[in-house]
Amino acid sequence: NAITSGFATKTIIDNTIYLTFSTSTTISVAAGVDGKALRFYQDAVDTFSRLPEQGKHNQVVKVTNTNADKDDFYLKFIAENGNSGKGYWEETVSPSVSPGINEQTMPIVLIRDTLSPLVFTATFLDGSVTINNLPLLWEPRLVGDDDSNSHPSFVNNTIQDVFLFQNRLGFLTEDNVSMSQAGDYYNFYHKSATTLGIADPIDLSCASIKPAVVRSVSPITQGLLLFSDSQQFLMESENGPWTTSDVTIRTIANYECDRYLDPIDLGSTVLYVSRNQSWTRAFEIFTRGQRETPSVNESSKLVPEWIPRTITHTTGSSQNGLWVGSGNTSKTMYLFRFFEQGDERVLSSWVKWVLPANVIHADIQNDILYVLCSDSTGYSVLQH
């Protein structure tokens, strides 16, 4: 059958005829003895071999491969002369999906000026203020579609925590952990929809039979400790390197964890707390060898009901085996100190200090404990 009318434009490139129709049209083609010497396509082909060697610059075609949605990919023709003719096909993104992350809803980025280490410049990605015209950092989605290269799970959700681990930038949101491309902190999309690379982003869920909104994270020897309100998880790699196919998340404990007080890394352990209506409990997760399940002990069992529920801030020092808890409406600080030799804990104790004013904030830097206090006369900073 020959098409002689009904089309708006006709372009011939090598052995290919491009027809543009002004209205929706159904066509069929046949040529040769068996009727298969001529084939046609509109926006999709079933195999790459059906695409012409010459074509129009920036023409996008979907390669469906099989009936499965997640193995489809898109190719764009790049003409050598920038118009049409000889060139090559390269992988691209579907023209019907968004280009990727909306920078205006992402966290604020704070960047240190290398020429002046104490000076910081910031870009506020809400579209209102940009200081020093810093470039928008987040990489767009360059290949695939919402099935083969979907948005990271934090899109349209609230980010609970941000971390760096294994040369990746990570976000916690709901029950998911999203980690960027390895070595490419601002890229959360795959670089190819056809193959899985070892540096590709990692996006896993730790959903269980309990609600598991993951709110904080702590790196340890085996991987990442993840903390929800009622469970603790271990994210680790089965074979060493962190890749999409090797990383898993499993439940290691079912203790309550206070959502407002971050777990504190104390070197060989990670200490976190839970608060009830009357007092505060402290738990330690003891890390062990690679691919060995950490153990959990209640460290405050020696002093039950001693730490009040008014604790609002915690800090610690792994070098000194020290944990500090305080509340901004109290003069009292609660301290947990331990000493270890080899794999044995030879000393541990709980003590409390009463300061001359309410403790607003405490932190430890270079083995010095700094405490910000406040009373009717103003603010003061103590150090020990």
Side-chain angles (χ1 to χ4, degrees), residues 160-166 170 172 175-177 179 204-238 242 247-276 279-304 306-307 309 311 313-325 334-350 364:
Q160 302 288 341
D161 202 359
V162 182
F163 64 94
L164 285 170
F165 188 73
Q166 289 286 332
L172 303 182
D175 57 2
N176 283 82
V177 182
M179 301 179 71
L204 291 179
S205 170
C206 57
S208 66
I209 59 175
K210 296 182 179 180
V213 177
V214 184
R215 302 189 186 276
S216 55
V217 59
S218 181
I220 60 172
T221 303
Q222 296 96 321
L224 289 174
L225 284 176
L226 307 173
F227 297 85
S228 71
D229 292 348
S230 59
Q231 288 180 290
Q232 291 75 51
F233 306 88
L234 177 62
M235 185 174 181
E236 62 180 347
S237 173
E238 296 291 336
W242 278 49
V247 174
T248 59
I249 298 178
R250 57 189 175 91
T251 304
I252 59 171
N254 292 280
Y255 294 95
E256 293 182 357
C257 177
D258 193 279
R259 66 175 63 182
Y260 301 109
L261 297 174
D262 289 335
I264 302 299
D265 183 3
L266 299 179
S268 60
T269 70
V270 176
L271 192 148
Y272 65 99
V273 301
S274 67
R275 294 184 291 185
N276 57 29
W279 65 85
T280 298
R281 288 190 178 98
F283 298 89
E284 282 185 275
I285 294 183
F286 290 80
T287 61
R288 297 191 287 181
Q290 192 71 25
R291 284 182 287 278
E292 290 190 33
T293 302
S295 60
V296 182
N297 291 336
E298 184 180 347
S299 302
S300 60
K301 211 159 192 176
L302 295 175
V303 286
W306 185 62
I307 308 173
R309 71 174 311 276
I311 296 295
H313 176 72
T314 59
T315 187
S317 170
S318 57
Q319 291 86 352
N320 297 285
L322 174 65
W323 175 90
V324 179
Y334 297 85
L335 296 88
F336 176 63
R337 183 78 185 271
F338 63 86
F339 175 70
E340 293 179 343
Q341 277 188 334
D343 296 331
E344 182 182 0
R345 178 171 292 187
V346 296
L347 174 67
S348 64
S349 62
W350 286 93
I364 300 174

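Please read all numbers here as calculations on a predicted model, not as lab measurements.
Counting heavy-atom neighbours within 6.0 Å of Y260 OH, excluding the residue itself, gives a total of 12 or less. By the neighbour-count criterion of 12 heavy atoms within 6.0 Å, atom CD of E256 is sparsely surrounded, having that number or fewer from other residues, nucleotides or ligands.
Proximity of F233 to S228: side-chain heavy atoms (C-beta onward) are separated by under 4.5 Å at one or more points. At a threshold of 4.5 Å between non-hydrogen side-chain atoms, the residues L172 and R215 do not count as touching. Side-chain atoms of V303 and Y334, non-hydrogen and from C-beta on, never get closer than 4.5 Å to each other. R337 is listed as a side-chain neighbour of N320, based on a closest heavy-atom distance under 4.5 Å. Residues L322 and L335 have side chains in contact (heavy-atom distance under 4.5 Å, counting atoms from C-beta outward). Counting only heavy atoms from C-beta outward, the side chains of M179 and L204 never approach each other to under 4.5 Å. Using a 4.5 Å heavy-atom cutoff, the side chains of F283 and Q232 are not in contact. Side-chain contact between I249 and L234 is absent, with no heavy atoms from C-beta onward closer than 4.5 Å.
Between the side chains of T269 and E284, a donor-acceptor pair is found at a separation under 3.5 Å.
For the ring-ring contact (aromatic ring centres under 6.0 Å, His included) test with W323, the passing option among W350, Y272, F338, F336 is W350; the others fail.
Between D258 atom CG and R281 atom CZ the span is 13.0 Å, to the nearest 0.5 Å.
The aromatic rings of F165 and W242 lie perpendicular to each other, with more than 60° between the two planes, well past the 30° mark.
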